Structures are given as C-alpha cells and as structure tokens.
Amino acid sequence: MQNPKQIIKQGQIIDNSWVILGNEQSISDLGEGQNPIVSSDQWLEQISQLANIRPLGILLKPDEDLTALSEHLAQFDVIAVDFPKFADGRGYSIARELRETYRYQGEIRAVGDVLLDQLYYMQQVGFDAFALREDLSLERGLASFNDYKENYLGPTYQHNPWFKRA
C-alpha cells in the first residue's frame, strides 16, 4: 500500500503524516511525526493494545462490514478506504454509510487506485482526503473538483438533491 508524501485534503495539498502499516509492521516501526493506520484485522486482533493509541487510523477493505467496528469508529482520527482497482465502487458506499448512518465526523481518506475523474464523486459521498495513485498530479487532482457544476443526487454535505433545488 502506498504512503505518499502529500495528499489532497479539504481542497488543499498537504503533507501526509499517516502511514498505512502492513500486517507485518508494528507501530514501533514508525518514525518521528508519523501516525499509524492499521488494518481492521490488526485492530480486531490487537484491540486492547491499540485502544489507547492516539492519533490512530484504520484501513477498511471494500468488502468491510462496518457493524463489527461501529462502536469503535469514533476512536479513529482517520478512516482510510481502500480502492484496490479504480473500477471497484464499494468504497463509495462505505464512505456514505460512515457519514450518514454512523455520523462519522473525522477524516475519510480514499487510498489505492484513486484516479482524477473519481475525486469529485468521492467528495460527494463523504471523502474529504485523497491519496492519489503515484503517477498522478495533485495539482490536476485539485482542478478536477471543478469538473462538474451540478449534482443530481444530494452530496453528504448538502441534503437537497438537484431536483429540489431547481
């Protein structure tokens, strides 16, 4: 999994201090100023050791069942949602469910095979941070948020769909 030096967050390019840990890595492997993102499997296996670690993030796979994690979601400063392939849209549903069903207020970050033409739509369902695929320009990513002017469906941050605003 990639750990880029910079990401897009809330409409800006910022330095990234979060590191997605592989299953063979531990928090003690991190350097100064680096914050851990653990997999949901790591979290569930080491919940007693990780429960008091702050800041802490979690990585969700596209087939993740949020009910097993629902009572713990507020403990995470970042929830990273993996897009293993750009064509796998299950992460969109996870983000929307986090915002609307679980009322998660923290950062929801798209990671993995994240492409420019997805950013606008990802933002509509609740993502507010984006780790683009390594070969893509963050500046072009920022510009892609202006590709569309109207939404037919209401985004998570605006509850009136287009047909009610017209």
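Values in this document were obtained by computation on a predicted structure and should not be read as measured data. Quick note: residue numbers are just sequence positions, from 1.
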Q: With side-chain contact (heavy atoms from CB on, under 4.5 Å) as the criterion, how do Val38 and Leu50 come out once you've worked through the C-alpha distance, each side chain's angles and the decisive distance to 0.1 Å?
A: CA-CA 9 Å; Val38 298; Leu50 296 173; 4.1 Å; yes
Q: What about the rings of Phe145 and Phe130, do their centers lie closer together than 6.0 Å?
A: yes
Q: Would you check if Val81 and Phe127 make a side-chain contact, meaning some heavy-atom pair closer than 4.5 Å?
A: yes
Q: Treating Asp128 as the side-chain partner and Ile108 as the backbone partner, does any N or O pair qualify as donor plus acceptor under 3.5 Å?
A: yes
Q: So does Gly22 get a backbone contact from the side chain of Gln42, meaning a donor-acceptor N/O pair under 3.5 Å?
A: yes
Q: So, do Glu64 and Ser40 sit near enough that their side-chain heavy atoms are less than 4.5 Å apart?
A: yes
Q: CD1 of Ile14 to CD1 of Ile8: how many Å apart, nearest 0.5 Å?
A: 10.0 Å
Q: Please round to the nearest 0.5 Å and tell me the distance separating atom CG of Leu56 and atom CD1 of Ile79.
A: 10.5 Å
Q: What do the steps show when you test Phe76 against Arg54 for side-chain contact (heavy atoms from CB on, under 4.5 Å), and what is the final call?
A: CA-CA 8 Å; Phe76 301 111; Arg54 292 294 175 274; over 6 Å; no
Q: Within the structure provided, determine whether Asp113 and Leu115 are in side-chain contact (heavy-atom separation under 4.5 Å).
A: yes
Q: Under 6.0 Å between the ring centres of Tyr92 and Phe83?
A: yes
Q: Going by atom types alone, do Ser39 and Asp41 pair a side-chain donor with an acceptor below 3.5 Å?
A: no
Q: If I take atom CD from residue Gln124 and atom CZ from residue Arg96, how far apart are they, to the nearest 0.5 angstrom?
A: 8.5 Å
Q: How about Asp65: does its CG atom have over 12 heavy atoms from other parts shown lying under 6.0 Å from it?
A: yes
Q: Quick one: does Leu132's side chain get under 4.5 Å of Leu138's, heavy atoms only?
A: yes
Q: Start with the C-alpha distance between Lys61 and Asp88, add both sets of side-chain angles, then the distance that settles salt bridge (charged side-chain N to carboxylate O under 4.0 Å, His left out), and finish with yes or no.
A: CA-CA 11 Å; Lys61 297 174 283 218; Asp88 188 341; over 6 Å; no
Q: Distance alone, cut at 3.5 Å: any donor-acceptor contact between the side chains of Asp15 and Gln6?
A: yes
Q: Work out which heavy atom in Ala110 is nearest to a heavy atom in Met122; give both atom names and the distance.
A: CB-SD, 3.7 Å
Q: Of all heavy-atom pairs between Tyr102 and Ser70, which one has the smallest distance, and what is that distance?
A: CE2-CB, 3.3 Å
Q: Run the numbers on Leu44 and Leu69 for side-chain contact (heavy atoms from CB on, under 4.5 Å), then give the verdict.
A: CA-CA 9 Å; Leu44 293 171; Leu69 297 168; 4.1 Å; yes
Q: Kindly indicate whether the side chain of Leu98, heavy atoms from C-beta on, has any atom under 4.5 Å from the side chain of Leu66.
A: yes
Q: Is Ile7 close to Val111 at the side-chain level, that is, under 4.5 Å between some pair of heavy atoms?
A: no
Q: Apply the test side-chain contact (heavy atoms from CB on, under 4.5 Å) to residues Leu116 and Arg140: give CA-CA distance (whole Å), side-chain angles for both, the deciding distance (0.1 Å), then the verdict.
A: CA-CA 7 Å; Leu116 300 176; Arg140 178 61 189 109; 3.3 Å; yes
Q: Heavy atoms, side chains only, cut-off 4.5 Å: are Leu21 and Ile37 in contact?
A: no
Q: Got a salt bridge between Arg109 and Asp77, using NZ or NE/NH1/NH2 to carboxylate O under 4.0 Å?
A: no
Q: State, yes or no, whether a side-chain contact exists between Asp82 and Leu59 at a heavy-atom distance under 4.5 Å.
A: yes
Q: Any donor and acceptor pair, going by atom type alone, linking the side chain of Tyr104 with main-chain N or O of Glu97 inside 3.5 Å?
A: no
